[in-house]
Amino acid sequence: TDAKANTGGEDETEQEQDEEAIELEMDTTKADVLFTKKLHLLTQDPETKKWKDKGTGIFSLRKSKPTEASAKPVSYIVFTAASGRVLINAPVVKGLKPMVNPKSPANVIMFLISKEEDGTEKKEMHLFKCGSEDAANEVVSHVAEQA
């Protein structure tokens, strides 16, 4: 019974962490959240060309709210890990074409350019495991609509 109690406690803690991450993800003071989906992220290492597992988190498509400095709203993609750490924060550029892998139709591949905290550009290929072909098509259609 102790093992069951410990497992139950861990599940509740994981669930609380996921809920906290989602709350962080849903901060709408600077942007409107257009779409969210729980996905698994892999990022391609530019040197070795191998995929690195970044874990499961919340993929969201957002549109900035107009401000005095920027009258035109900008759409961008944010991926937040279950821990609450933002792994991707990249603008949706005109012509961005997310691709569904024909061999694995539940996966979406996107090349995104984001800025690091020090201002340098980070160009990476990302693979989002969506769980089903319908979910992958939903991600692609929402991103393509903003591109």
Side-chain angles (χ1 to χ4, degrees), residues 7-67 69-147:
T7 304
E10 289 173 11
D11 290 344
E12 287 177 19
T13 303
E14 286 177 21
Q15 185 177 3
E16 287 172 10
Q17 288 174 346
D18 284 347
E19 288 172 4
E20 288 174 17
I22 290 169
E23 285 175 21
L24 289 171
E25 182 67 24
M26 297 302 172
D27 179 13
T28 59
T29 56
K30 297 180 182 177
D32 292 320
V33 178
L34 306 175
F35 172 76
T36 61
K37 192 92 171 157
K38 188 173 183 178
L39 303 175
H40 194 88
L41 172 66
L42 289 99
T43 301
Q44 189 177 53
D45 184 307
E47 294 174 11
T48 64
K49 302 295 182 201
K50 293 187 178 185
W51 293 101
K52 291 183 178 180
D53 190 342
K54 299 291 186 167
T56 301
I58 304 297
F59 172 95
S60 67
L61 183 61
R62 301 176 181 200
K63 184 174 265 190
S64 64
K65 293 182 178 179
T67 63
S70 165
K72 186 177 180 184
V74 176
S75 297
Y76 55 100
I77 293 169
V78 176
F79 184 87
T80 308
S83 65
R85 184 170 174 235
V86 175
L87 300 179
I88 299 173
N89 186 357
V92 176
V93 296
K94 187 175 182 177
L96 174 66
K97 295 182 181 175
M99 301 173 287
V100 173
N101 185 346
K103 293 180 181 177
S104 301
N107 296 339
V108 176
I109 299 171
M110 283 187 257
F111 182 75
L112 300 172
I113 302 169
S114 58
K115 290 211 182 230
E116 293 288 323
E117 289 180 14
D118 64 2
T120 59
E121 278 191 349
K122 185 177 180 182
K123 301 175 182 180
E124 293 181 309
M125 187 69 73
H126 301 284
L127 185 138
F128 298 95
K129 291 187 173 187
C130 302
S132 72
E133 187 174 352
D134 290 339
N137 289 331
E138 187 178 19
V139 169
V140 168
S141 68
H142 279 91
V143 171
E145 188 177 295
Q146 296 301 313

Got a second to check how far [X]'s [atom1] is from [Y]'s [atom2], nearest 0.5 Å?
{"X": "Ile88", "Y": "Leu41", "atom1": "CD1", "atom2": "CG", "answer": "4.5 Å"}
{"X": "Phe79", "Y": "Lys54", "atom1": "CZ", "atom2": "NZ", "answer": "10.5 Å"}
{"X": "Ser104", "Y": "Lys129", "atom1": "OG", "atom2": "NZ", "answer": "8.0 Å"}
{"X": "Ile109", "Y": "His126", "atom1": "CD1", "atom2": "NE2", "answer": "12.0 Å"}
{"X": "Lys122", "Y": "Ile113", "atom1": "NZ", "atom2": "CD1", "answer": "13.0 Å"}
{"X": "Asp53", "Y": "Leu42", "atom1": "CG", "atom2": "CG", "answer": "5.0 Å"}

Check [X] against [Y] and note the closest heavy-atom contact, atom names and distance.
{"X": "Val143", "Y": "Pro98", "value": "CG1-CG, 3.8 Å"}
{"X": "Pro46", "Y": "Lys49", "value": "O-NZ, 3.3 Å"}
{"X": "Ala81", "Y": "Leu87", "value": "CB-CD1, 4.0 Å"}
{"X": "Leu39", "Y": "Cys130", "value": "CD2-CA, 3.6 Å"}
{"X": "Leu61", "Y": "His142", "value": "CD2-O, 3.2 Å"}
{"X": "Ala147", "Y": "Leu96", "value": "CB-O, 3.6 Å"}

Point to revise | Side chain to side chain, Trp51 and Met125, heavy atoms closer than 4.5 Å | key: yes

Review point. Does a side-chain heavy-atom distance below 4.5 Å link Leu112 with Glu124?
Key: no

Exercise for review: Classify the ring geometry between Phe35 and Phe59 as parallel (under 30°), tilted (30 to 60°) or perpendicular (over 60°).
Suggested key: perpendicular

**Study point:** Ser64 side chain to Val74 backbone, donor-acceptor under 3.5 Å
**Key:**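 Indeed, once roles are kept as given, a pair shorter than 3.5 Å links the two residues.
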
Exercise for review: Show your reasoning for whether side chain to side chain contact (heavy atoms under 4.5 Å, CB included) applies to Glu145 and Leu34.
Suggested key: CA-CA 11 Å; Glu145 188 177 295; Leu34 306 175; over 6 Å; no

**Study point:** Test item: side-chain donor near acceptor, Arg85 and Ser83, under 3.5 Å
**Key:** no

